[in-house]
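Since the structure comes first, as structure tokens, the remarks are kept for the end.
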Amino acid sequence: MISIIIPMYNSEKYIEKCIESILNNLYKNFEIIVVDDGSTDDSIKIVKKYTNIKLLYSNHAGPGSARNVGIENASGDFIFFLDSDDTINPNTLKILKNNIKKYDIVIGNYNIIYDNGDIELFKTPTDSKFNSFFESVTVWNRLYRNCLLYTSDA
């Protein structure tokens with residue numbers, strides 16, 4: 001199973017589209033964990049409309065801290081991060097899951113869609129594993145094995 005972790009702060013304009021893009025995915029073995037980081041708008045109300053989402057709370061410490069709360073509560077063998085203003089294509093999870101096999105991390109391509117409508121494609125380089133990992137400094141275009149990110153002290 002893939003645990004999809006979404007840090008959220010005042011995302012009422014975007015969060016529904018983000019969630020719907022996940023629910024419309026071809027790969028269906030996932031859980032959605034939204035970690036609210038102190039929103040003051042109607043973001044939480046929108047997320048609560050979905051009965052199949054874990055809604056957790058953080059102390060307005062930023063997206064990194066919210067992601068950590070999500071990791072600590074993830075049930076999946078794999079972790080996928082998605083920002084609340086992002087969407088994924090219907091085949092994203094399937095492609096990443098099919099490619100992880102013996103690896104701890106797989107990196108996907110993504111598009112940046114600017115406010116003016118321009119689209120920039122970022123394609124993961126394949127010439128060097130080192131360059132591929134560090135070319136993009138995001139956390140959200142990758143599928144991680146959960147054991148790589150979280151180990152329990154228990």
Distance (rounded to the nearest 0.5 Å) between [X] [atom1] and [Y] [atom2]:
X: I32; Y: I4; atom1: CD1; atom2: CD1; answer: 5.5 Å
X: S43; Y: D37; atom1: OG; atom2: CG; answer: 11.0 Å
X: Y144; Y: I71; atom1: OH; atom2: CD1; answer: 9.0 Å

What pairs meet the ring pair (Phe, Tyr, Trp, His ring centres under 6.0 Å) rule with one or both residues in residues 14-49, with sequence neighbours excluded?
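Sorted pair list comes back empty.
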Which residue pairs satisfy the ring pair (Phe, Tyr, Trp, His ring centres under 6.0 Å) criterion with at least one member in residues 37-75, sequence neighbours excluded?
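Ring pair (Phe, Tyr, Trp, His ring centres under 6.0 Å) check on residues 37-75 returns Y9-H60.
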Can a donor-acceptor pair be found, under 3.5 Å and without considering hydrogens, that links the side chain of [X] to the backbone of [Y]?
X: S3; Y: G76; result: yes
X: D85; Y: I15; result: no
X: N10; Y: T40; result: yes

Mind checking what makes side chain to side chain contact (heavy atoms under 4.5 Å, CB included) contact with [X], not counting sequence neighbours?
X: K45; value: D42
X: N73; value: L56, V69
X: S75; value: M1, E31, K54

Sub-4.5 Å side-chain heavy-atom contact between [X] and [Y]:
X: R67; Y: D83; result: yes
X: I2; Y: I79; result: no
X: V35; Y: I6; result: no

Side chains of S21 and T87, donor plus acceptor under 3.5 Å:
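Not at all, the side chains of S21 and T87 share no donor-acceptor pair under 3.5 Å.
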Have S65 and N68 got a donor and an acceptor in their side chains that come within less than 3.5 Å?
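Side-chain D/A pair, S65 to N68: absent.
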Does atom CG of N52 have more than 12 heavy-atom neighbours from other groups under 6.0 Å away?
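Yes - once you tally the heavy atoms of other residues, nucleotides and ligands closer than 6.0 Å, there are more than 12.
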May I have the list of side-chain donor-acceptor pairs in residues 91-98 shorter than 3.5 Å, sequence neighbours left out?
from: T92; atom 1: OG1; to: N89; atom 2: N; distance (Å): 3.1
from: T92; atom 1: OG1; to: N89; atom 2: O; distance (Å): 3.1
from: N98; atom 1: ND2; to: K94; atom 2: O; distance (Å): 3.3

